[in-house]
Amino acid sequence: AQSVTQLDSQVPVFEEAPVELRCNYSSSVSVYLFWYVQYPNQGLQLLLKYLSGSTLVKGINGFEAEFNKSQTSFHLRKPSVHISDTAEYFCAVTGGGNKLTFGTGTQLKVEL
Amino acid sequence: EAGVVQSPRYKIIEKKQPVAFWCNPISGHNTLYWYLQNLGQGPELLIRYENEEAVDDSQLPKDRFSAERLKGVDSTLKIQPAELGDSAVYLCASSLDGGLHNEQFFGPGTRLTVL
């Protein structure tokens with residue numbers, strides 16, 4: 001079985017400040033890791049994914065994430081956020097379960 | 001290129017009534033998914049289709065939920081009868097195939113309210 005833990009349900013941050021959204025996973029096999037973003041009343045959109053190779057993955061909108069196998073983490077970061085980054089962010093994992101398992105999400109609220 | 005299309009976007013019904021949701025995936029995508037998203041939660045897989053075959057429906061409550069994907073293109077998810085606890089957003093997604101590395105493209109969802 002696989003699972004994803006997003007410890008922070010909400011993260012408030014001021015515009016132009018850096019942000020990190022935390023994600024930890026559990027799986028008995030090798031995994032693929034994803035971050036999706038969901039804007040209000042919209043479907044989920046892929047930000048980035050880790051399949052193999054370099055542990056630092058760059059995605060759209062200036063986001064990046066680092067895969068850390070020893071800590072079973074895949075934290076999402078952005079050096080300078082914009083008001084338009086306000087959204088719900090979901091970490092997800094696939095592995096032995098042959099399906100995409102999502103975390104409970106982190107609401108990022110960017111304030112002026 | 002059009003994305004995943006879902007209708008209706010919103011649906012309000014009384015409990016014990018039937019309801020159906022429709023999804024049209026991205027053209028050429030063989031794999032189609034239905035997810036349930038409760039408030040404050042991540043999406044949870046209900047059923048996955050490879051073309052017209054349901055290859056994973058282990059999480060679909062089969063006593064009241066049913067789904068079909070005739071001709072391997074668009075799909076319908078039905079609830080009969082609906083219960084109060086079914087109030088949620090129902091998301092449809094598609095991907096080129098069922099490979100775990102493939103990006104899933106999501107539709108905007110149908111928000112169901114059961115009164």
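Just the heavy atoms: all of them, side chains too, but no hydrogens, waters or symmetry mates, feed the values below. First the proteins, then the strands, lettered A, B, ... as listed; each starts at 1.
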Review point. Parallel under 30°, tilted from 30 to 60°, perpendicular over 60°: which one fits the rings of B:Trp34 and B:Phe21?
Key: tilted

Below 30° counts as parallel, above 60° as perpendicular, anything between as tilted: where do the rings of A:Tyr32 and B:His101 land? perpendicular

Donor-acceptor pair between B:Thr113 and B:Tyr10 side chains, under 3.5 angstrom = no

Establish, from distance only, whether the side-chain atoms of A:Ser70 and A:Asn68 form a donor-acceptor pair under 3.5 Å.
yes

When the 4.5 angstrom heavy-atom criterion is applied to B:Phe105 and chain A, the contacting part is neither

So, the part of B:Gln37 with a heavy atom under 4.5 Å from chain A: the answer is side chain

query = Do A:Phe90 and A:Phe34 have ring centres separated by under 6.0 Å?
reply = no

Is it the backbone or the side chain of [X] that comes under 4.5 Å from a heavy atom of chain B, or both, or neither?
X       : value
A:Tyr39 : neither
A:Tyr36 : side chain
A:Glu88 : neither
A:Leu44 : both

